[in-house]
Chemist: 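Take this structure first; my questions come after.
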Amino acid sequence: MKITEIRLGMISVPLRVPFKTALRSVSSVEDVIVEIHTDTGAVGYGEAPPTGAITGDTTGAIIGALQDHIIKTLVGRDVDDFEDVMKALNGCIVKNTSAKAAADMALWDLYGQLYNLPVYKLLGGSRSKIVTDITISVNDPEEMATDAINAIERGYDCLKVKVGSNPDLDVARLMAVRKAIGDKACIRIDANQAWSPKQAVKLLNQMQDKGLDIEFVEQPVKAHDFEGLKYVTERSYVPVLADESVFSPEDAVKIMQMGAADLVNIKLMKCGGLYNALKIASAAEVYGVECMIGCMLEAKVSVNAAVHLACAKQIITKIDLDGPVLCSEDPVLGGAVFNEKEITVSNGPGLGIQGIEGIRYLD
Ligand SMILES: C[C@H](N)C(=O)N[C@@H](CCC(=O)O)C(=O)O
Ligand SMILES: [Mg+2]
C-alpha cells in the first residue's frame with residue numbers, strides 16, 4: 001500500500017457554548033484535516049487542532065510542517081513498512097506534535113485497513129465501550145452551577161471543572177457546583193497551570209476541608225515547573241494529574257521517576273500521535289501510574305483515534321474525550337458513536353472513518 005498523495009483541508013464546527021479555561025476562550029473548532037491517499041484507493045484520515053496556548057501549534061504552523069516536511073517525507077513510502085514510516089515521520093521535524101499526530105493517525109487508519117482490523121484490535125484491545133467526563137468551563141460560580149446541572153441532565157456522571165481564571169473564586173466555584181449536583185457526579189478539576197505551588201496546596205486543601213470530594217486536580221502549576229508539581233503532589237490531599245507537563249514519552253518518564261504526579265494525561269496532540277502515546281502508556285505500566293486519555297478542543301476525527309487507544313490500553317482508566325459532545329454538529333461519517341457520555345468504538349477496519357463533510361481543501 002503505497003502513499004501517492006496527501007491532501008490538506010480545514011473544517012469548522014461551532015461549539016454548543018463557548019469553551020473557557022485559564023488559558024483561552026474559543027467558540028468553534030477550526031481544525032486542519034489530513035487525507036493520506038494510497039495506490040489501493042484506501043484513504044487515511046487525520047485532524048490537527050491549532051491549540052497555540054498549549055502546544056504552540058497554530059493553523060499556519062501545522063500546515064507549514066505538513067507541507068514543508070511531513071508530506072515530502074511520506075509520499076512514495078509503503079504503509080507496510082510501518083516502523084520505518086513512523087520513524088521518518090517523527091524524525092523529519094522537531095516539535096510540531098499536532099501536525100505529526102494528524103499524519104500518525106491517518107497512517108494507523110491505513111495500517112488497520114491494510115490488515116482489515118480496527119486499530120484498537122490491532123493494538124490488542126478488547127473493550128469496545130468507554131465513558132467520558134464533560135468539561136464545565138470556568139465562569140462565575142452561579143453560571144458554572146447551572147452548566148453542571150445541565151450536564152447532569154444530559155446524563156454525565158463525571159464533570160471536569162475548569163478553574164484558575166481569577167483563583168480567588170475557585171473554592172466558591174467548586175462549592176457552587178457541588179451544592180448544585182450533590183453526589184450525582186464525580187468532580188475532577190483542571191487549573192490549566194494557573195496556580196503557584198503554594199497557592200495550589202492551599203486551595204486544594206481548603207476544597208478537601210470543605211468536603212468537596214475532588215477526584216484529582218489536573219495541571220495545577222506551570223508546565224515546565226516539575227519541582228512545583230512534585231511540591232503539590234507531596235502536600236495536597238487531592239491527587240495530582242500532569243497534563244501540560246507531559247508532552248513526550250521522555251517527559252512522562254521524568255515525571256514518573258520524580259514522583260511529581262500521581263497520574264498522567266496522554267493527549268495525541270501533545271505527544272505526536274498513537275506511536276508515541278503507546279510509549280507513554282508502556283512507561284506508565286512499568287511505573288504503575290494510571291493514565292487519563294484527553295483531547296484538545298477537537299472534532300471527531302482525532303478524538304476517534306484517541307478512542308481506539310483508550311479501548312486498547314487498560315492503564316488508561318480516566319477518559320476526557322468530550323471534544324465531539326462540546327460541538328454542536330458532527331461532520332464525520334463513521335468512526336466512534338458518541339451517545340453523550342457513552343462512546344462506542346467503531347469495528348470497521350482502521351479507524352473506521354468513511355468521510356468528512358464540509359472539508360475546505362487547501363489545494
Ligand atoms: C476538551 C478537554 N476536556 C480539555 O479540557 N482539554 C484541555 C484543554 C483543551 C483546549 O484548550 O483546547 C485540557 O487542558 O485538558
Ligand atoms: Mg488539562
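All values derive from a computational prediction rather than experimental measurement. Just follow the structure's listing: the first ligand is 1, and inside any ligand the first atom is 1.
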Chemist: State, without any angle test, whether Tyr45 and Glu35 hold a side-chain donor-acceptor pair at a distance under 3.5 Å.
Modeler: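 Their side chains do not contain a donor-acceptor pair, so the 3.5 Å distance test is not met.
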Chemist: Regarding Asp84 and Lys87, does a basic nitrogen lie under 4.0 Å from an acidic carboxylate oxygen?
Modeler: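 The answer is no: the pair does not qualify as a salt bridge.
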Chemist: Is the contact between Asp320 and ligand 1 made by the side chain, the backbone, both, or neither, using heavy atoms and a 4.0 Å cut-off?
Modeler: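 The side chain, only.
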Chemist: Specify which N/O/S atom of Glu218 comes nearest to the Mg ion (ligand 2), by atom name.
Modeler: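 For Glu218, the N, O or S atom at the smallest distance from the Mg ion (ligand 2) is OE2.
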Chemist: Taking both backbone and side-chain atoms of Gly323, is any N or O found less than 3.5 Å from an N or O belonging to ligand 1?
Modeler: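 N/O-N/O distance under 3.5 Å: no.
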Chemist: Compute the shortest N/O to N/O distance between Thr21 and ligand 1 and return yes if it is under 3.5 Å, no if not.
Modeler: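 There is no such contact.
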Chemist: Could you check which of Glu244, Arg24, Gln193, Lys267 puts a non-hydrogen atom nearest to atom 13 (C) of ligand 1?
Modeler: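 Comparing heavy atoms across Glu244, Arg24, Gln193, Lys267, the nearest one to atom 13 (C) of ligand 1 lies in Lys267.
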Chemist: Quick one: report the N, O or S atom of Asp190 that is nearest to the Mg ion (ligand 2).
Modeler: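 Nearest to the Mg ion (ligand 2) within Asp190's N, O and S set: OD2.
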Chemist: Apply side-chain contact (heavy atoms from CB on, under 4.5 Å) to the pair Asp190 and Val161, showing each step before the final yes or no.
Modeler: CA-CA 6 Å; Asp190 189 354; Val161 179; over 6 Å; no
Chemist: Which ligand 1 atoms are under 4.0 Å away from a heavy-atom of Asp322?
Modeler: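 This gives 1 (C), 2 (C), 3 (N) as the contact atoms.
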Chemist: Can you check whether Met296 has an N/O within less than 3.5 Å of an N/O in ligand 1?
Modeler: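 The answer is no, given that Met296 and ligand 1 share no N or O pair closer than 3.5 Å.
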Chemist: Does the side chain of Lys162 come under 3.5 Å of the side chain of Asn192 through a donor N or O and an acceptor N or O?
Modeler: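 Per modelled atom types, Lys162 and Asn192 side chains form a pair under 3.5 Å.
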Chemist: Which ligand 1 atoms, with their elements, are less than 4.0 angstrom from a heavy-atom of Asp243?
Modeler: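 Result: 13 (C), 14 (O), 15 (O).
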Chemist: Go through ligand 1 atom by atom and flag the ones less than 4.0 Å from a non-hydrogen atom of Asn192.
Modeler: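 By the 4.0 Å cutoff, the relevant atoms are 13 (C), 14 (O).
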Chemist: Kindly give the atom name of the N, O or S atom of Asp243 closest to the Mg ion (ligand 2).
Modeler: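 Of all N, O or S atoms in Asp243, the Mg ion (ligand 2) lies closest to OD2.
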Chemist: So if I count the atoms of ligand 1 from 1 in the order they appear, which ones are less than 4.0 Å from some heavy atom of Lys162?
Modeler: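 Within the 4.0 Å cut-off of Lys162, ligand 1 contributes 4 (C), 5 (O), 7 (C), 8 (C), 13 (C), 14 (O), 15 (O).
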Chemist: Please confirm whether Tyr275 and Trp108 have ring centers closer than 6.0 angstrom.
Modeler: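 No: the rings miss the under 6.0 Å criterion.
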Chemist: If a pair satisfies side-chain hydrogen bond (donor to acceptor under 3.5 Å, both in side chains) and one of its residues is in residues 118-128, list it, with sequence neighbours excluded.
Modeler: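 Matches after skipping sequence neighbours: Tyr120-Asn347.
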Chemist: Under 4.0 Å from a heavy atom of Asp190: which atoms of ligand 1 are those, numbered in the order shown and with their elements?
Modeler: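 Selected atoms, number and element: 13 (C), 14 (O), 15 (O).
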Chemist: Taking transitive links into account, so neighbours of neighbours count too, which hydrophobic residues share a cluster with Leu333 at under 4.5 Å side-chain distance?
Modeler: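 Answer for Leu333: none, a lone residue.
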Chemist: Going by atom types alone, do Thr59 and Glu30 pair a side-chain donor with an acceptor below 3.5 Å?
Modeler: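 Their side chains do not contain a donor-acceptor pair, so the 3.5 Å distance test is not met.
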Chemist: So, regarding Thr135 and ligand 1 (criterion: nitrogen or oxygen to nitrogen or oxygen, under 3.5 Å), is there a contact or not?
Modeler: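 Yes, there is a polar N/O contact under 3.5 Å.
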